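First listed ligand is number 1; within each ligand, the first listed atom is number 1. Nothing here was measured: the structure is a model prediction, and the numbers come from that model.
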Amino acid sequence: MSIQFNKAEFILSAASPEQFLRDGRKQIAFAGRSNVGKSSVINRLLNRKNLARVGATPGKTTQINYFLIDGRIYLVDLPGYGYAKVSKSERDRWGRLMESYFQTDGLPDLGVLIVDARHKPTADDVTMCDFFRAGGCPMIVVANKLDKLKKSEIEHNLALIRETLDLDEEETLVPFSAEKGDGKERLLGLLQAFCE
Ligand code: GDP
């Protein structure tokens with residue numbers, strides 16, 4: 001039976017490599033700039049109000065949160081990046097944590113990179129993209145906050161995101177609104193297909 005993303009259970013927060021989970025279950029890692037709406041996208045996907053804490057102080061926590069979905073796969077919530085007020089030491093800690101995560105063999109199996117549909121992806125978004133590619137894992141890019149765009153802006157903005165991140169044909173770009181629900185079924189379908 002395909003995975004429904006109905007049941008989500010918080011498992012642990014990892015702040016160092018010894019704590020990374022490696023138990024053979026597939027791992028789907030969610031990444032995005034602080035405030036891009038990563039928690040909101042995860043909550044929308046799982047029909048939860050507050051699973052990944054919405055509106056937590058941006059960039060405050062440098063840890064990787066693991067949720068077990070339907071008892072079968074891990075949703076891995078990577079720490080947000082790019083928040084201007086974060087100290088250099090916190091930023092360095094983020095870099096080290098990401099390096100060790102992506103250098104651990106076989107982590108993750110699929111990356112979901114969330115960017116802001118309104119803007120050209122930032123240099124940090126490009127770096128995150130490179131982390132996924134260097135880890136050799138397929139990637140889905142979610143362009144969130146679609147509801148904040150005028151209809152006439154959508155096509156241009158999506159093209160700019162594709163171009164800036166240098167997405168190839170296999171890297172799907174999903175227009176999304178965590179607020180309104182647009183894109184949810186498409187993203188869910190892609191994740192389900194990946195989990196088969
Ligand atoms: P995170 O830091 O990436 O986890 O971001 P949050 O999920 O906490 O969201 C940051 C802010 O953006 C909150 O005020 C959300 O309500 C808002 N937000 C998130 N997704 C959307 C969206 O699709 N549309 C709109 N209009 N606002 C959104």
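Taking only non-hydrogen atoms, the option from Gly32, Ser34, Ser39 nearest to atom 4 (O) of ligand 1 is Ser39. Between Leu146, Asp77, Leu149, Asn144, it is Asn144 that holds the heavy atom closest to atom 20 (N) of ligand 1. Comparing Gly181, Gly37, Ala117 against atom 9 (O) of ligand 1, the shortest heavy-atom distance belongs to Gly37.
To the nearest 0.5 angstrom, Gln4 atom CD is 9.0 Å from Arg72 atom CZ. Annotation: the span from Lys148 atom NZ to Glu179 atom CD amounts to 8.0 Å, rounded to 0.5 Å.
Side chains of Asp125 and Thr122: a donor-acceptor N/O pair is present below 3.5 angstrom, by distance only.
Between Phe131 and Phe102, the angle of the ring planes stays under 30°, which puts this pair in the parallel group of the 30/60° scheme.
Residue Ser177 places a heavy atom less than 4.0 Å from ligand 1.
In this structure, Phe5 and Leu187 have side chains that are not in contact, with every pair of non-hydrogen atoms separated by 4.5 Å or more.
For ligand 1, the atoms lying closer than 4.0 Å to a non-hydrogen atom of Val36 are 3 (O). Atoms of ligand 1 found under 4.0 Å from any heavy atom of Ala178, numbered from 1 in the order shown, are 20 (N), 22 (C), 23 (O).
Of the polar atoms of Phe176, none of the N or O atoms is found under 3.5 Å from an N or O of ligand 1, judged by distance alone.
Between Thr164 and Val126 the shortest heavy-atom distance is O-CG2, 4.0 Å.
The backbone and the side chain of Asn35 each have at least one atom closer than 4.0 Å to an atom of ligand 1 (non-hydrogen atoms only). The proximity of Arg33 to ligand 1, defined as any non-hydrogen pair under 4.0 Å, is limited to the backbone.
With Tyr74 as the fixed residue, the side-chain hydrogen bond (donor to acceptor under 3.5 Å, both in side chains) test singles out one of Gln27, Arg25, Lys26: Arg25.
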